[in-house]
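The sequence lines fix the lettering, A, B, ..., with proteins before strands; numbering per chain opens at 1. From a predicted model like this one, the values you see are computed outputs, not experimental measurements.
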Amino acid sequence: MKKIRVLIIDDERAARSEIRRLLAGYPDIEIAGEAVNVDDALKMIQEQKPELLFLDIQMPEKSGFDLLESLEEVPLVIFTTAYDQYALKAFEVSALDYLVKPIREERFEKAIIQARQRLGKTDPTGQIFVKDRQQYHFIQWSSVHLIESMDNYARIFFGDKNVFLKSSLNQLEEKLNSTIFFRINRAQIINRQYIQTITTMDGRLKITISTGAQLEVSERQSAKFRQWAAGK
DNA sequence: TTGATACAATTAACTCGGGG
DNA sequence: CCCCGAGTTAATTGTATCAA
């Protein structure tokens, strides 16, 4: 069985060893390391590429949220916090799970089971963590149907929401899985899994995505799009 | 020192028309 | 359907500026 590699991030020694102790009962989980602050965690994540984080939210200097925001690829996250669930709800974060300290064993097991399930489902696109105004979002790339350029930023549409990301379309295009995402013109990237209909009006391709939005593919990209669509 | 904002320069992408 | 060229548009990047 493939082991799940986890990283424990907490400024308090006691909290880290508590998680270590709880994890001892799970042979399929391997502790890739411990970090005591966000900067250390950043380094370790880049080196170790853990699949799961146990992340404390409140830490001196930078918070757990700050850490996630600065990551290009965000692993699964189980927040560990002294806040109660209701206080956390205020953040509107939809994490894999929250564990409120002190952590009960049954509760911990539940979280682990969820993590196993999520890791079992292969999600090829991964997720990002974005703050938009007062809201934090975990965004699965697979849930993103449209990305539009807005000045130097990108507006990412997912579900019925959208957020700004401090990144240009070019940068996103490079990093995104090109088998799923396609640049239909210089201002828009679409997720091809959300394409509903493709029509052609005097040579121009028009795509309707599942939100009902009608998008025009530029002439140049139309040619590439045909190739790409044929490629699969 | 950082971060946000503004503007100008660059350049890729765009449209349109004309031919294979 | 595809390619080419000329002229236009706008996304992106770099530089400057100002506030915290």
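Atom-to-atom, OH of A:Tyr153 to P of C:dT12 comes out at 13 Å; the value is rounded to the nearest Å. Nucleotide B:dC16 holds its P atom 10 Å from the CD atom of A:Glu216, rounded to whole Å. Between the CZ atom of A:Arg186 and the C1' atom of C:dT13 there is a distance of 15 Å, rounded to whole Å. When rounded to the nearest whole Å, the span between CG of A:Asp66 and P of B:dG3 equals 11 Å. At whole-Å resolution of the value, CZ in A:Phe164 and C1' in B:dG3 are 18 Å apart. Protein atom CG of A:Asn185 is 11 Å distant from nucleotide atom P of B:dA13, rounded to whole Å. The CD atom of A:Glu148 sits 13 Å away from the C1' atom of C:dA11 (whole-angstrom rounding). Atom-to-atom, CD1 of A:Ile184 to C1' of C:dA11 comes out at 15 Å; the value is rounded to the nearest Å.
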Taking N or O atoms only and anything under 3.5 Å, show me the protein contacts with nucleotides 6-11 of chain B, one pair per line.
none

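Checking A:Arg186 against A:Asn170 by side-chain atom types alone, no donor-acceptor pair falls below 3.5 Å.
Here the CG-CD distance, from A:Asp10 to A:Gln58, works out to 9.0 Å after rounding to the nearest 0.5 Å. In this structure, the separation between NZ on A:Lys175 and CZ on A:Phe181 is 10.0 Å, given to the nearest 0.5 Å. Taken from CD in A:Gln127 to CG in A:Leu68, the straight-line distance is 8.5 Å, to the nearest 0.5 Å.
Residues A:Phe158 and A:Phe138 keep their aromatic ring centres 6.0 Å or farther apart.
In this structure, A:Ser149 does not reach the C:dA10 phosphate: none of its side-chain N or O atoms is under 4.0 Å from OP1 or OP2. For A:Ser218, a side-chain nitrogen or oxygen approaches OP1 or OP2 of B:dC14 to under 4.0 Å.
Between A:Glu61 and A:Asn37 the shortest side-chain heavy-atom distance does not fall below 4.5 Å.
Comparing B:dC14, C:dT13, C:dA11 by their closest approach to the side chain of A:Arg183 singles out C:dA11. In this structure, the nucleotide among B:dC14, C:dA11, B:dA4 sitting nearest to the side chain of A:Lys166 is B:dA4.
Taking a 6.0 Å sphere around CD of A:Glu73, one finds it holds 12 or fewer heavy atoms contributed by other residues, nucleotides or ligands.
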